[in-house]
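First the structure, in the form of structure tokens, and then the observations on it.
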Amino acid sequence: MPDHATDPATEVFLAHRNLLFTVAYEMLGSAADAEDVLQETWLRWVGADRSEVRDQRAYLVRITTRQALNRLRTLKRRKEAYVGSWLPEPLLTAPDVAEDVELAESVSMAMMLVLETLSPTERAVFVLREVFEVGYDEIAAAVDKTPAAVRQIAHRARRHVEARRPRRAVPASVTRAALDSFRRALETGDPQALLDILAPDVVLIGDGGGIKRSAPRPVTGADKVARFLLAGLGRNQLPVAVATTVFNAGPALLVHLDGEIDGVMAFRVENARITGLYYVRNPEKLTRITSETPLALR
């Protein structure tokens, strides 16, 4: 895929690239797989008879969706063989992405995990309809269903997501305040301070991918989560440094142990306390944490 616009086909593709990447990433939860989907989309785009294409954006979204659906089947097999819990690949995102409430919610770690509970077709329909406002006829062409079937799938997926998504949007300032308290408690190793900021029913999901040590299954409850975090980070008696940053369009923490990147922590905050903690330590998923990934809804 070329880096510079040298012909009309390239110019069109690059004009929609951020949108196409966002579609693929929200369907797959993997930036690496999303990039592969874009490569496949590009090859089909340059090989198409573009004189027959009436809506270039819709055509490109349709190709991307079909390729992402194909990729989801491979990804499903990979996840079934994955060691421990699987979390989406975190993306370092620009501040303007966080300011777009709709986009920020759609790529948040909490929402990406909700999308994981949908079937591939439900996920594609939900993402295209609810996030990108694609028409039912266009979605039908992308997923090889009738518009009537797509409406039913969209209704079912919407109901499923609504039952599992956070009840209300939390201001970024509230999340940042909770993360600041959590960060200080983690750096000082203060168990009571951790308990004060964790909700009683908090759930921690860790993803080490079998490469780094992590919780083999979700850890539930403030006491267990606090003990797990303090024991894990203090196991080798290494200096802990935690920096606040923005991943997946929300406040998050970048953790260093002895000067080396250990992982990314994303959070779900409700009523000013942490209810969900998602710790990605798998180094294969930490390739997008030093340079911003541009995302777009349009």
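Numbering of residues begins at 1 and proceeds along the displayed sequence. Computed from heavy atoms alone, side chains included, the values below leave out hydrogens, waters and symmetry copies.
With rounding to the nearest 0.5 Å, the separation of CD1 in I153 from CD1 in I139 is 9.5 Å. Taking CZ of R183 as the start and CE of M265 as the end, the distance is 12.5 Å to the nearest 0.5 Å. Here L295 contributes atom CG and L91 contributes atom CG; the two are 6.0 Å apart, rounded to the nearest 0.5 Å.
For residues 188-217, the set of pairs meeting the ring pair (Phe, Tyr, Trp, His ring centres under 6.0 Å) definition, not counting sequence neighbours, is empty. For residues 178-200, the ring pair (Phe, Tyr, Trp, His ring centres under 6.0 Å) pairs, not counting sequence neighbours, are F182-F267.
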Kindly determine whether Q39 and Q67 satisfy side chain to side chain contact (heavy atoms under 4.5 Å, CB included), including the steps that lead there. CA-CA 10 Å; Q39 179 68 30; Q67 297 307 312; over 6 Å; no
Step-by-step side chain to side chain contact (heavy atoms under 4.5 Å, CB included) determination, L115 to V127: CA-CA 9 Å; L115 294 180; V127 166; 4.1 Å; yes
Can F228 and D223 be said to form a side chain to side chain contact (heavy atoms under 4.5 Å, CB included), step by step? CA-CA 9 Å; F228 178 85; D223 286 338; over 6 Å; no
Check against salt bridge (Lys or Arg N to Asp or Glu O under 4.0 Å), R17 and E11: CA-CA 10 Å; R17 190 188 189 286; E11 290 177 359; over 6 Å; no
Could you walk me through whether M27 and T64 pass the side chain to side chain contact (heavy atoms under 4.5 Å, CB included) check? CA-CA 10 Å; M27 286 185 60; T64 300; over 6 Å; no
Could you go step by step and tell me if R281 and D207 meet the salt bridge (Lys or Arg N to Asp or Glu O under 4.0 Å) rule? CA-CA 6 Å; R281 299 189 72 214; D207 180 346; over 6 Å; no
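Considering all non-hydrogen atoms of both residues, A272 and I197 come closest at O-CD1, 3.6 Å. Listed here is the closest heavy atom pair of G189 and L230: CA-CD2, 3.8 Å. Nearest heavy-atom pair, L38 versus A24, reported as atom, atom and distance to 0.1 Å: CD1-CB, 4.3 Å. Contact record, S85 with G206: CB-O, 3.4 Å, taken as the closest heavy-atom pair. Of all heavy-atom pairs between T275 and A199, the closest is CG2-CB, 3.8 Å.
R78 contributes no side-chain N or O that, together with a main-chain N or O of T74, makes up a donor-acceptor pair within less than 3.5 Å. Here the side chain of K212 pairs a donor or acceptor atom with the backbone of D262 at under 3.5 angstrom. Under the 3.5 Å distance criterion, the side-chain polar atoms of E122 are matched with a main-chain donor or acceptor of S119. A side-chain donor-acceptor contact under 3.5 Å links T22 to the backbone of A296.
Put simply, the side chain of R165 does not reach to within 4.5 Å of the side chain of H160, judged on heavy atoms. Proximity of T245 to L253: side-chain heavy atoms (C-beta onward) are nowhere separated by under 4.5 Å.
With respect to the salt-bridge test (charged N to carboxylate O, under 4.0 angstrom), the residues E26 and R123 do not qualify. Residues R184 and D190 are not paired through a salt bridge, judged by the lack of any N-O separation under 4.0 Å between the basic side chain and the carboxylate. At a threshold of 4.0 Å, the pair R268-E105 does not count as salt-bridged, since none of the basic side-chain nitrogens sits closer than that to a carboxylate oxygen. A salt bridge is absent between E162 and R158; no separation between the charged side-chain nitrogens and carboxylate oxygens falls under 4.0 Å. A salt bridge is defined here as a Lys NZ or Arg NE, NH1 or NH2 lying under 4.0 Å from an Asp or Glu carboxylate O, and R273 with E270 fails to meet this definition.
By the criterion of side-chain heavy atoms lying less than 4.5 angstrom apart, applied directly or through intervening Ile, Leu, Val, Met, Phe, Trp or Tyr residues, M111 is not grouped with W86; the two fall into different hydrophobic clusters. In the hydrophobic cluster analysis, where Ile, Leu, Val, Met, Phe, Trp and Tyr join through side-chain heavy atoms closer than 4.5 angstrom, L19 is grouped together with V46. Using a 4.5 Å cut-off between side-chain heavy atoms of Ile, Leu, Val, Met, Phe, Trp and Tyr, with links allowed through other members, L179 and V246 fall into different hydrophobic clusters.
Taking Ile, Leu, Val, Met, Phe, Trp and Tyr as hydrophobic and joining them when side-chain heavy atoms fall under 4.5 Å apart, one finds V280 in a cluster with L87, L92, M109, L113, V203, I205, F247, L254, I261, V264, Y278, L286, I289. In the hydrophobic clustering (ILVMFWY side chains linked at under 4.5 Å, chained through shared members), L195 stands by itself.
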Just list the side-chain donor-acceptor pairs under 3.5 Å for residues 140-151, sequence neighbours left out, or say none.
| from | atom 1 | to | atom 2 | distance (Å) |
| --- | --- | --- | --- | --- |
| T146 | OG1 | A149 | N | 3.1 |

Under 3.5 Å, side-chain donor or acceptor atoms of residues 51-63 against the rest of the protein: list the pairs with distances, not counting sequence neighbours.
| from | atom 1 | to | atom 2 | distance (Å) |
| --- | --- | --- | --- | --- |
| S51 | OG | D49 | OD1 | 2.5 |
| D55 | OD1 | R57 | N | 3.2 |
| D55 | OD1 | A58 | N | 3.0 |

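Judged by the 6.0 Å and 45° rule, R129 forms a cation-pi pair with Y136.
Listed by chain and number, the residues in a side-chain contact (heavy atoms from CB on, under 4.5 Å) with A177 amount to none (sequence neighbours excluded). Partners of F132 under the ring pair (Phe, Tyr, Trp, His ring centres under 6.0 Å) rule, at least two apart in sequence or in another chain, do not exist in this structure. For R50, there are no side-chain hydrogen bond (donor to acceptor under 3.5 Å, both in side chains) partners two or more places apart in sequence or in a different chain. Take R71 and apply the side-chain contact (heavy atoms from CB on, under 4.5 Å) test, not counting sequence neighbours, and it matches L28, D33, D36, V37, E40. Listed by chain and number, the residues in a side-chain hydrogen bond (donor to acceptor under 3.5 Å, both in side chains) with N248 are Y25 (sequence neighbours excluded). Under the side-chain hydrogen bond (donor to acceptor under 3.5 Å, both in side chains) criterion, N70 pairs with R73, not counting sequence neighbours.
Atom CD of E284 is surrounded by 12 or fewer heavy atoms from other residues, nucleotides or ligands within 6.0 Å. In this structure, E260 places its CD atom where only 12 or fewer heavy-atom neighbours from other residues, nucleotides or ligands lie under 6.0 Å away. More than 12 heavy atoms of other shown residues, nucleotides or ligands fall within 6.0 angstrom of atom CZ in R298.
The ring of W45 has its center no closer than 6.0 angstrom to the ring center of F13.
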